[in-house]
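Taking it in order: structure first as structure tokens, then the write-up.
Order of the sequence lines sets the chain letters (A, B, ...), proteins ahead of strands, with each chain counted from 1.
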Number of protein chains: 2
Amino acid sequence: MATIYDIAKMCNVSTATVSRVLNGSDHPIHPDTRDKILDAAKKLNYRPNTIAKSLASGKTHTIALLIPTIVNDYYTQIAEAMEDELSQAGYIAYLCNTKRSVLKEAEYVENLITRQVDGVIFSPTRVKPEDNIKNLENIEELKKNKINIVAFGSRFEGISQVAVDTYKGAYNATRYLIELGHRRIGFIDGLTAGTRGNRRRGYIDALKEEGISIDDNLITGGNLDLDSGYTKGMELLNTENPPTAIFAVNNLMAIGVLKAARAMDLHVPRELSVIGFDDSILSELIEPSLTVVRQPIEEMGATAAKLLLEQLNGKEDVKTVTLQPTLIKRDSCACVY
Amino acid sequence: MATIYDIAKMCNVSTATVSRVLNGSDHPIHPDTRDKILDAAKKLNYRPNTIAKSLASGKTHTIALLIPTIVNDYYTQIAEAMEDELSQAGYIAYLCNTKRSVLKEAEYVENLITRQVDGVIFSPTRVKPEDNIKNLENIEELKKNKINIVAFGSRFEGISQVAVDTYKGAYNATRYLIELGHRRIGFIDGLTAGTRGNRRRGYIDALKEEGISIDDNLITGGNLDLDSGYTKGMELLNTENPPTAIFAVNNLMAIGVLKAARAMDLHVPRELSVIGFDDSILSELIEPSLTVVRQPIEEMGATAAKLLLEQLNGKEDVKTVTLQPTLIKRDSCACVY
DNA sequence: AAACTCAAGGTAACCGGTTACCTTGAGTTT
DNA sequence: AAACTCAAGGTAACCGGTTACCTTGAGTTT
């Protein structure tokens, strides 16, 4: 591999001059010298050694995608949008898949500091409520090492993030069901979302606004996967006074509810309306296709990347961008029977 | 940030000694010295600078995942299995999403050489047949720069790879349909797979073996997405002598066929059997659930990573590992009516 | 006692760049 | 003509490690 020393020798100049030419420095260079150096670089098939550059300059042009899983459309679509934005700006992304383990998350944080990443796009892993503490420690550790952070998926103090107005999303979904005439609306929350979670608040506020009383028997929580959607759906439907509609806080659980309905021979949407949260190809292809609250995923990814790039370009200010979800109406909801 | 110079000063030793202790070199060190250095490292909250290490040692402990897309269960599951294996061995992965563009693929190859990655796990992007040439150039370029490669998804000379016996998979799927009594079996190939593609050969051989003549009207090709599955399915079904079963060469096209059947009011599996290739949660959740040829995805990912790690540990030999697919029987196939 | 061995550590070149500061000399200003 | 300016380039320290080769002296071998 040719180095700038080889070029310098070939052109009878110093490495400083070579470096200046190759990096487009604003230090003045004679056009002849410039041409000579560029020629030599081409002739020697010179490639800059990014590692050496990083060591000398303190910038690695590297960012990390620190996310709970990649086997999931949600993260994957966000990741793609980010990667687009970042690779255009000359950055490359480390794939840091925590597999929903705060331990692995912490290990990655250590590793990333060691590797001097310029920034990280972070969606904290939170399986148990107390994981929150670890999340905060990890953020602290990154900040202490002057690594730029943009978070999404959770709210934290003092760092930039892109958020989605999930309260509004849940509110709108619930409101939509009410408009269809539903009065008994089941709600399947996530397990780690406290009772003050945005989605639950949206659900409750929409009901209250219409003077519909909150029935705790209609509110339950699952762990976000298909099976728990099925189980919780069964529980809700197997009561004396079952709901006529169910709103699940994510996609897979809503599909689980669809399965539960099928198992109980309830026709969706004629006998049961179902709404999910988060969109994916699954919601579209499932039968019946699923009405969902869609988060603007591409926009989230692109925005997170842009926020990070702003920071990397020297803007220090912490900034939260909140995006609005939209209700995608498909075939899983209908007027109450 | 503390450096080994700080530790050396604190302990009154040279940086050589510090480096030896910190890296577990086999150069003998007095236990007292070792303890002193480890203590100092802890006290100073020392973290090695991976960039400096990389420059000095020539190894970055970095590998690249160069894949056509990440918004796809297939790649995503492979990526996760790889990442597992690699992170355990102390490597970290760059996410290089080519978005099915050979241009982006070439750009990444340049970038990766520049970044001195130790290896790349490569699934070449091939949208048009002539992309193959670019793929080969990219492989050459990597090899020229002594970067280890393991490929999957396509076959190339002279590099290690993990392959799946897709011929066998297609053969078995077709055979299964024949055993169910089907004689007219439609086949939807990919567009870039030539007539000598493994899957098509498997399909044809299974038919021939049973003395069933090949009807070219039953063979067509789509571009692997849902819509083309739908369109090609409609075409096949809208003939005088339509097939009683359709085998599509990937998952989404098979689901497209399911849609086509629904559009034509054909009951699956009673009036039409459908088989797909590649498994995913979609195939399981779609109604009816889809019988598919499943590639052993986790095993592929893990194997690719292991092959690469072997190379990184000094084994030079090119090795191809071929894995067997399995037929996952679900609800989309039945005896011919 | 001379020769040898080896534990324990040090010296300094090297990996491939960047950049603050310095030098030189031709052209311009006063 | 002295003082100044600035284009064009060079010097050398620095980023933070690794490692081949050398040194020293205590213990062992003959």
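- A/Gln116 and A/Ser54 share no donor-acceptor pair across their side chains, judged by distance under 3.5 Å alone.
- The span of DNA chain D lying next to chain B, judged by atoms under 4.0 Å from heavy atoms, is bounded 5' to 3' by D/dG16 to D/dC21.
- A 3.5 Å limit on both hydrogen-bonding distances identifies C/dA8 as the Watson-Crick or G-U partner of D/dT23.
- Of the listed residues (B/Leu65, B/Leu112, B/Ile70), just one forms a side chain to side chain contact (heavy atoms under 4.5 Å, CB included) with B/Cys96, and that residue is B/Leu112.
- Using a 4.0 Å heavy-atom distance criterion, B/Arg47 is classed as a sugar-phosphate-only contact.
- The residue among B/His27 and B/Ala52 whose nearest nucleotide of DNA chain C lies closer to the 5′ end is B/His27.
- Here A/Asn12 lies in heavy-atom contact (under 4.0 Å) with sugar-phosphate atoms only.
- The partner of D/dA13 is C/dT18, judged by Watson-Crick or G-U wobble contacts that both fall below 3.5 Å.
- For the side chain to side chain contact (heavy atoms under 4.5 Å, CB included) criterion with A/Ser160, the lone passing option out of A/Thr320, A/Asp317, A/Val150 is A/Val150.
- When each of B/Lys134, B/Lys99, B/Arg100 is tested with B/Thr125 by the rule side chain to side chain contact (heavy atoms under 4.5 Å, CB included), just one qualifies, namely B/Arg100.
- Within the nucleic acid shown, B/Ile29 comes within 4.0 Å of sugar-phosphate atoms alone, with no base atom in reach, counting heavy atoms only.
- The partner of D/dT30, taking Watson-Crick or G-U wobble pairs whose two distances both stay under 3.5 Å, is C/dA1.
- Atoms CG and CG, from A/Asp6 and A/Leu44 in turn, are 6.0 Å apart once rounded to the nearest 0.5 Å.
- The residue from A/Thr62, A/Thr60, A/Asp118, A/Leu308 that alone fulfils the side chain to side chain contact (heavy atoms under 4.5 Å, CB included) condition with A/Tyr91 is A/Asp118.
- A/Thr17 comes within 4.0 angstrom of the backbone, heavy atoms only, and of no base.
- Nearest-nucleotide positions on DNA chain D place A/Pro28 closer to the 5' end than the other of A/Pro28 and A/Val13.
- Looking at heavy-atom distances under 4.0 Å, B/Ser19 makes contact with a base.
- Residue-to-nucleotide proximity on DNA chain C shows that, of B/Thr33 and B/Gln116, the 5′-proximal contact is made by B/Thr33.
- Here the rule is side chain to side chain contact (heavy atoms under 4.5 Å, CB included) with A/Leu38, and of A/Thr33, A/Ile7, A/Leu22 only A/Leu22 fits it.
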